[in-house]
Number of protein chains: 2
Amino acid sequence: MVTINPNSPVDEDLVKDKETAFAEFIQRRGLKTTRQRNTIISTFFRLKGHISVEELLVEVKKANPRIGYATVYRTLHLLVESGLVEERRFGDGLARYEGHSAVEHHDHMICLECGMISEFYNPRLEALQEHLAEENNFEIYRHRLELYGACKDKAACDTRKKQKEARAQGA
Amino acid sequence: MVTINPNSPVDEDLVKDKETAFAEFIQRRGLKTTRQRNTIISTFFRLKGHISVEELLVEVKKANPRIGYATVYRTLHLLVESGLVEERRFGDGLARYEGHSAVEHHDHMICLECGMISEFYNPRLEALQEHLAEENNFEIYRHRLELYGACKDKAACDTRKKQKEARAQGA
DNA sequence: TCGGTAATGAAAACAGTTTTCGTAATCCAA
DNA sequence: TTGGATTACGAAAACTGTTTTCATTACCGA
C-alpha cells in the first residue's frame, strides 16, 4: 500500500511545474493569463489536502481581497479541465479539489472525528474491482472508494479535532 | 459475487413488513400516522431501484396530487432515520433513496450511458478494505464504492438509454 | 498602442433541499 | 367521543453551494 503523507512540505519545484503546465493549458486554449488566475493557482498548489472553495477563497483573499468566489470557481473548473486537479465530493455537500499527487489514482479514508482525509492505493483492490466488473459484463471508466470511520490513534485524532475547532472559531 | 436483479417483481409481503416497521418507528418516536405518509411509503417501497425525490413525487401525486415535495422530503428523512432506507449520491447532484435489499450492504456499478445502477457484493473486497484500514490504523464505520463506466452489452444498454430518453420526453 | 476578445466582480439566477407559518389532522385523556 | 394539545400539512419563502449575467476592466497580438 502507498500512503500519502499530508504533512510533507510543499515542493516548490513541483508547484512551478504545475504553474507552467497550467500556463501551457491556458495558451493552448487561447485563454488569457491574468493576475487573479495566477494568484489562485499558486495559492491552490501551495495548500495541501482536499481544499474546498471556501477554504481556497479565504487564502486567496489574503493575497488579493478583491478576488471574488466567481473567479475562484471559474479557475477551479479550468484546473479540472486541464487535468491538473480533481474534484471530489465526500458527502458533506461541498466540492473539494485535490492537486494530483505523485500517485496517479488513489482512494480515501475519511475520519469522521477529526476530518482527516488520507489517501491510499492498493493494486489488489484495483484488480479485484476489474475482476468484478468483468463478471458483470461492465467496463470501468473510473471508480470511487471511500472508507468512512475513525482514526485509531485517539491522541493524534483529538489534536487534529481541536485544531479544526480552533480554526472554525477564528473564521 | 451477489448481483441484485432490479427487475424482480415487488414482494408484497416484504412491502407489508416495511410498512409495519415504519409504523412502529413512528409510534416509538411519538409521531403521528397520516394519510400522506402512508401514501408516500407505500409508493416508495413498491418502486425499485434508486429513487430520486422527483421520481417519487411524480408517483405519489398519482395517488394524491395534493401531496407536495416538502412532505416527500420529510417522509424520506424519517425513512432514513428509521433505518429502512438509505440515502445515496452518485454525483449527479441529487439524492437517491434505496430501500434495503435482501443483501444488507452492497456497492454499485453505474452505467454512464444508460443510467443503469446495479448492485453487487463481494466478501473479498470487504475483507481487503478491512485489511487496508488495519494497516492504516483506521477503523471503518461504513464505506462507499462506486464503479462508473459502461455496460458491455451495447444492445441492452441502448434499449435502456432509449427508454430513459422517452421517459424524459414524456415528463 | 490599439482593438477585439476574454476575464473580472457584484449581483442575480439557479437547483436541490430545508424551513417557516398558518391551517388542518391526529390521537390521547377525560 | 370529543376536546385540546401536539404534530403534520402544503405553499411559499429561505437557504446553500454553485453558475450565470452583465457592465466594466484587463490582456495581448497585430
Side-chain angles (χ1 to χ4, degrees), chain A residues 22-44 50-58 60-82 85-97 168 171, chain B residues 22-44 50-58 60-82 85-97 168 171:
Chain A
F22 186 67
E24 280 165 8
F25 168 79
I26 288 293
Q27 195 112 20
R28 212 177 319 127
R29 286 270 279 256
L31 306 177
K32 288 173 181 171
T33 302
T34 69
R35 203 179 301 283
Q36 292 90 329
R37 295 223 256 243
N38 287 341
T39 302
I40 293 166
I41 70 158
S42 116
T43 304
F44 177 80
H50 303 75
I51 313 300
S52 68
V53 173
E54 194 61 32
E55 286 164 354
L56 180 54
L57 182 61
V58 167
V60 161
K61 275 188 180 294
K62 289 180 187 169
N64 178 354
R66 306 216 44 224
I67 294 178
Y69 56 102
T71 303
V72 171
Y73 272 109
R74 286 188 277 231
T75 305
L76 282 169
H77 289 328
L78 288 174
L79 281 167
V80 170
E81 282 179 54
S82 76
V85 164
E86 277 185 33
E87 180 179 316
R88 309 230 173 234
R89 287 168 186 274
F90 296 119
D92 57 356
L94 43 88
R96 293 177 180 282
Y97 296 85
Chain B
F22 187 66
E24 281 165 8
F25 168 79
I26 288 291
Q27 195 112 21
R28 212 177 319 127
R29 286 271 280 256
L31 304 176
K32 290 172 180 171
T33 301
T34 69
R35 204 178 304 283
Q36 292 90 330
R37 293 223 258 244
N38 287 341
T39 302
I40 292 166
I41 70 159
S42 116
T43 304
F44 177 80
H50 303 77
I51 313 299
S52 69
V53 173
E54 194 61 32
E55 286 164 355
L56 179 54
L57 183 61
V58 167
V60 161
K61 275 189 180 296
K62 289 180 187 170
N64 179 354
R66 306 215 44 223
I67 294 178
Y69 57 102
T71 303
V72 171
Y73 272 109
R74 286 189 277 233
T75 305
L76 282 169
H77 289 327
L78 288 174
L79 281 167
V80 170
E81 283 179 53
S82 76
V85 164
E86 276 184 36
E87 181 179 316
R88 309 231 173 233
R89 285 167 187 277
F90 296 118
D92 58 355
L94 42 89
R96 293 178 179 280
Y97 297 85

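Letters A, B, ... are given to chains in the order of the sequence lines, protein chains preceding strands, and every chain is numbered from 1. Side-chain atoms are counted along with the backbone in the values below, which use heavy atoms only and exclude waters and symmetry mates.
Between B:Gln36 atom CD and D:dC9 atom P the separation is 5 Å, expressed in whole Å. Between the CG atom of A:Asn38 and the P atom of C:dA7 there is a distance of 13 Å, given to the nearest Å. When rounded to the nearest whole Å, the span between CD1 of B:Ile40 and P of D:dC9 equals 7 Å. Taking atom CG of residue B:Leu76 and atom C1' of nucleotide C:dT17, one finds them 12 Å apart after rounding to whole Å. When rounded to the nearest whole Å, the span between CD of B:Glu87 and P of C:dT17 equals 8 Å. Following rounding to the nearest Å, B:Leu94 (CG) and D:dT18 (P) show an atom-to-atom distance of 15 Å. With rounding to whole Å, A:Arg29 atom CZ is found 13 Å from C:dA6 atom C1'. Going from atom CG of B:Leu31 over to atom C1' of D:dA5 covers 15 Å, rounded to whole Å.
Closest approach of B:Thr43 to B:Thr39, counting heavy atoms only: OG1-O, 2.7 Å. B:Val72 and B:Leu57 get closest at one heavy-atom pair: CG2-CD1, 3.6 Å.
Taking every side-chain heavy atom of A:Thr34 into account, D:dC27 is the closest of D:dC9, C:dT17, D:dC27. Nearest to the side-chain atoms of A:Arg66 among the listed nucleotides C:dT8, D:dG29, C:dA10 stands C:dA10.
Atoms NE2 and CG, on B:His50 and B:Leu94 in that order, are 13.0 Å from each other to the nearest 0.5 Å. With rounding to the nearest 0.5 Å, the separation of CZ in A:Arg37 from CG in A:Leu78 is 5.5 Å. B:Leu76 CG to B:Tyr69 OH: the interatomic distance, rounded to the nearest 0.5 Å, is 14.5 Å.
A:Arg37 has a side-chain polar atom (N or O) that falls below the 4.0 Å cut-off from OP1 or OP2 of C:dT8. Of the side-chain N and O atoms in B:His77, none sit less than 4.0 angstrom from OP1 or OP2 of C:dT17.
Ring planes of B:His77 and B:Tyr73: tilted class, angle from 30 to 60°.
Between the A:Arg29 side chain and the A:Ser82 main chain, no donor and acceptor come within less than 3.5 Å of each other.
Looking at residues 67-74 of chain A, you'll see A:Tyr69, A:Ala70, A:Tyr73, A:Arg74 sit with a heavy atom under 4.0 Å from some atom of DNA chain D.
Mapped onto DNA chain C by nearest heavy atom, B:Gln27 and B:Tyr97 fall at different nucleotides, with B:Tyr97 at the one closer to the 5' end.
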